[in-house]
Amino acid sequence: MLTRLLSFCKQGGPLSALTEEEVRRLAGGAEEVRCAAGEMLMRVGEPGDRVYIVLAGRLEALAPIAEGESRVLTEIGPGGLAGEVELIVGGIRHVDIRAIEDSQLAALSRESFDRLLAESPETWRHVSELVLDRVYSSELLPHLNRLFGPIEGSATELLRELGDDVEFLLVEAGENLFRQGEPAEAAYIVISGSLRAAIDTPERGEQIINEVTRGEMVGEMALLTDDPRSATIYAVRDSHLARISRRGFERLIDRRPQTLLNLSRLIIERLKRRSVFDTAGSEHPTCIGLLPAGESSVPLAEVARELAEGLAAHGSVALLTSAGVDTALGQPGIALSSEVEPAHLRLAGYLHEKEETHRYLLYEADPGWSRWTERCARQADQVVLIADAEGSPERGEIENRLAAIWSSGRAPRRSLLLLHPRDLDRPTGTRRWLAERDVVSVYHLRRGHAGDLGRTVRILAGRAIGLVLGGGGARGFAHLGVLRGLEELGVPVDMIGGSSVGAPIAGLAAQGRSAAESLAAAEKAFSSLLDYTLPLASLLSGRRISDSIQSHTGSWDIEDFWLPFFCVTTNLTTARSMVHRRGDSARAIRASVSIPGILPPVAEKGELLVDGGVLNNLPVDLMREMNPFGTLIVVDVVSPQGPKAKSGFGLAISGWKLALERLLPLRKSTAIPAISSTILQSMVVGGSQLRKRVLDEGLADLYLNIHVRGVGLLEFEKVDQVARIGYEESIGRLRQWLESGGLEGR
């Protein structure tokens, strides 16, 4: 046996990198076995507890394709290895190994193999590279079929044809794969992990335009057009990629021109995703890292368990802890292994297998900083920092360590989950927590509160229900009727946003009020609002509506709302829309309802803010950014047609004449719309094109256009009447939508 093994070292192949001493140790721990032609050496599903070196004869690896049928993947001749992947990575056999002819083998047990690798780091490095190439090649095959198919022959032949033009690499979380403007030298296929595409713009800086996940290709367009890179690509989490060089890519297309058609289709689909948000939902596995925040201890294990149980309603879930991984792999401390240790490959293989077989992976960090805690952050598509809201908001050790890792700015999406007592009436002081952290979202969770837990789970699962309330003056009270209908039908609202009159009503719901409570608050808030003044700056002074909004929002900051919330204003100074997701809710809402000419604008840091409806009266696009894969319900109260001219009144009018006509009821009055109606209608016209675009692109899952007839745009005293119309107009359509599967899978 030793003589043959030594000869293999001189012939190249898997053993060529071993020294004579390493080969002697290998032979000392091996057992010689024989296998007759046609005999099965390994079967799919068996534990991977041995590795074989072919001394003489030939083996073949078979992949099952149907009951009683299999396909030959490869042949293994003298000097080749069989079973090394499962032995190192762990898990069960994924292929059958059968002897083609009478064969002589050297067999090593797991214990002997692990001991050999531990004693010889160089052996470990060589074998691990070999195993990784085998693993990644196997996982690359189905992606090749999808990306370049239909493939004549097999994907295995295609991979063999590419040869050295394919290599496998790891891109760590936050690391750039390539930058915008660089020359294109290769295309990449994601085997595991997640990438993000971003472009640099002079006006807005770096803008994220796409996500690239497992099985997708990136970089091929620049190879086809011979242009520089059109975007910067970086890893959201640690990602393994297959790199196809320019030479290999061009040779592939030259020899298999039919692959160009399939690539063109994939590029077109990606460009569609780039122009509109993907509303179909993501079927790629989602990895969520759960890490403690702040200096106070948090019941991380308890929260992780509750989230895992909730996520199970939306797909298979694996809750991963360091202790659980150690137990599953039967090796204490393996979860803490570093990349240079032999055990790390088994750990990586185990985690990859979990990702292959589960829709959601929850990585629960250790209470303190450890390699596992770091892995929970690096492997996550999104990181949830969990803190006790009653504790100190100062950053803890784990967050300080993470800040150093994320200092490049290339970080996964981060959110803050604040735990509250079960009977808490309202959150306060969230801004103190945000001052220390750069997070996208804040979620509030009362312990033992099923509603809060359900909302948090749906958001993390990408199954949230977002509600958008548009502007339209007093007709916007129809939103209150829609809230009633949703509540009656058991449809939860997980996040909410509004523009113009939709903003204060959305704010009531975001505070956690029921539909009845929101209606009562609106009736009180909007009674006697019309405080006319000398029209030098506006028709109304704005004092009453400001006092009303202040009384109902009080000291609420937007980040203190139970539901994620936003409202929209128009910045007259910069001529752009502004989105308010944090800060003083009363001030933001007051600005959002500042109808130009009717209410005075709101001054903010030297700039003037007016009604959000001027530029974005129905902010569906903003909610889709906030809730890319969930459900969007959109309520529009703008009439499909504005006022008409009942008769001609010339090119000039006299206000004195109009006033006299109204004072003398017997005198025929001129049919001309009131100034307030003209201003309001002009405002909503400005956002009509944007509304049409977002609806044409299908950003809304349910669009409710409610016609409120017989109510003027400034008749704010008709809250109850308009709310009733909103309920009657929406309840039937909501019920029909639900019966047709509108919330299926949510």
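Computed from a predicted model, the values in this text were never measured in an experiment.
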- If we only count heavy atoms from C-beta on, is the Ser370 to Leu336 side-chain gap below 4.5 Å? yes

- Message: Could you tell me if the side chain of Ile253 sits less than 4.5 Å from the side chain of Leu224, heavy atoms only?
- Response: yes

- Value for CD1 (Ile233) from CD (Glu175), rounded to nearest 0.5 Å, stands at 13.5 Å

- So Arg413 and Asp381, salt bridge (Lys or Arg N to Asp or Glu O under 4.0 Å) or not? Walk me through it. CA-CA 7 Å; Arg413 175 188 173 91; Asp381 300 305; over 6 Å; no

- Message: To the nearest 0.5 Å, what is the distance between OG1 on Thr232 and CZ on Arg196?
- Response: 13.0 Å

- In chain order, what residues pass the side chain to side chain contact (heavy atoms under 4.5 Å, CB included) check against Arg395, with sequence neighbours excluded? Glu399, Asn400, Ala403, Glu436, Arg437

- Query: Donor-acceptor pair, Glu167 side chain versus Ala242 backbone, under 3.5 Å?
  - Reply: no

- Taking the side chain as C-beta and beyond, is there a heavy-atom pair between Leu460 and Tyr443 under 4.5 Å? yes

- Item | side chain to side chain donor-acceptor pair (under 3.5 Å) assessment of Asp701 paired with Thr631 | CA-CA 6 Å; Asp701 296 286; Thr631 298; 4.6 Å; no

- What heavy-atom pair brings Ser239 and Ser194 nearest, and what distance separates the two atoms? OG-N, 3.0 Å

- Message: Show the nearest heavy-atom pair for residues Val212 and Val190, with the distance to one decimal.
- Response: CG1-CG2, 3.8 Å

- Between the side chain of Ser499 and the main-chain N/O of Asn616, is any donor-acceptor distance below 3.5 Å? yes

- Message: With a 4.5 Å cut-off on side-chain heavy atoms, are Val457 and Arg463 touching?
- Response: no

- Mind listing the closest non-hydrogen atom pair of Arg371 and Ser338 along with its distance? NE-CB, 3.5 Å

- Atom pair CG (Leu402) and CG (Leu385), whose distance is rounded to the nearest 0.5 Å: 7.5 Å

- Task: Check whether NZ of the Lys or CZ of the Arg Arg581 lies under 6.0 Å from the centre of the six-membered ring of Phe566 and within 45 degrees of that ring's axis.
- Result: yes

- Item | Gap separating the CZ atom of Arg247 from the CG atom of Leu162, nearest 0.5 angstrom | 10.0 Å

- Task: Mark yes or no for whether Gln379, through its side chain, and Cys376, through its backbone, hold a donor-acceptor pair below 3.5 Å.
- Result: no

- Task: Taking all heavy atoms of Ile334 and all of Ser337, pick out the closest pair and write down the distance.
- Result: O-OG, 2.7 Å

- Item | Check: Thr373 side chain, Asp366 main-chain N or O, donor-acceptor pair, under 3.5 Å | yes

- For the atom pair CD1 (Ile465) and CG (Asp494), what is the distance rounded to the nearest 0.5 Å? 5.5 Å

- Item | Trp372: ring-ring contact (aromatic ring centres under 6.0 Å, His included) partners, not counting sequence neighbours | Tyr363

- Is there side-chain contact between Val317 and His358, with at least one heavy-atom pair below 4.5 Å? no

- Take Asp226 and Arg246 through the test salt bridge (Lys or Arg N to Asp or Glu O under 4.0 Å) and record every step on the way to the result. CA-CA 10 Å; Asp226 203 25; Arg246 174 185 285 275; 3.5 Å; yes

- Ion pair Glu182/Arg229, N-O distance below 4.0 Å: no

- Query: Heavy-atom distance under 4.5 Å between the side chains of Leu632 and Arg624, does that happen here?
  - Reply: yes

- Atom pair CG/CG of Leu241 and Leu169 - distance to nearest 0.5 Å: 5.0 Å

- Message: Would you say that Val440 contacts Ser415 through its side chain, given a criterion of any heavy-atom pair below 4.5 Å between the two side chains?
- Response: no

- Apply side-chain contact (heavy atoms from CB on, under 4.5 Å) to the pair Thr286 and Leu361, showing each step before the final yes or no. CA-CA 6 Å; Thr286 298; Leu361 267 64; over 6 Å; no

- What closest approach, in Å, do Gly466 and Asn627 show between heavy atoms, and which atom pair accounts for it? N-ND2, 3.7 Å

- Task: Could you tell me which residues satisfy side chain to side chain contact (heavy atoms under 4.5 Å, CB included) with Thr569, sequence neighbours excluded, listed by chain and number?
- Result: Met578, His580, Ala591, Ser592, Leu609

- Query: Should Glu355 and Arg237 count as an ion pair when the cut-off is N to O under 4.0 Å?
  - Reply: yes

- Are side-chain heavy atoms of His352 and Ser192 found at a separation under 4.5 Å? yes

- Item | Atom of Ala304, atom of Leu362 and distance for their closest heavy-atom approach | O-CD1, 3.8 Å

- Could you walk me through whether Glu604 and Asn571 pass the side-chain contact (heavy atoms from CB on, under 4.5 Å) test, one step at a time? CA-CA 9 Å; Glu604 185 72 21; Asn571 189 316; over 6 Å; no

- Message: Would Arg375 and Leu351 count as a side-chain contact (heavy atoms from CB on, under 4.5 Å) here? Give the steps.
- Response: CA-CA 11 Å; Arg375 183 177 298 277; Leu351 298 179; 3.7 Å; yes

- Query: Is a side-chain donor or acceptor of Glu625 paired with a backbone partner of Leu622 at a separation under 3.5 angstrom?
  - Reply: no

- Query: Is the shortest side-chain N to carboxylate O distance from Glu559 to Arg582 below 4.0 Å?
  - Reply: no

- Query: After noting the C-alpha distance and the side-chain angles of Phe249 and Glu220, does the key distance pass the side-chain contact (heavy atoms from CB on, under 4.5 Å) rule?
  - Reply: CA-CA 8 Å; Phe249 188 82; Glu220 79 289 356; 3.8 Å; yes

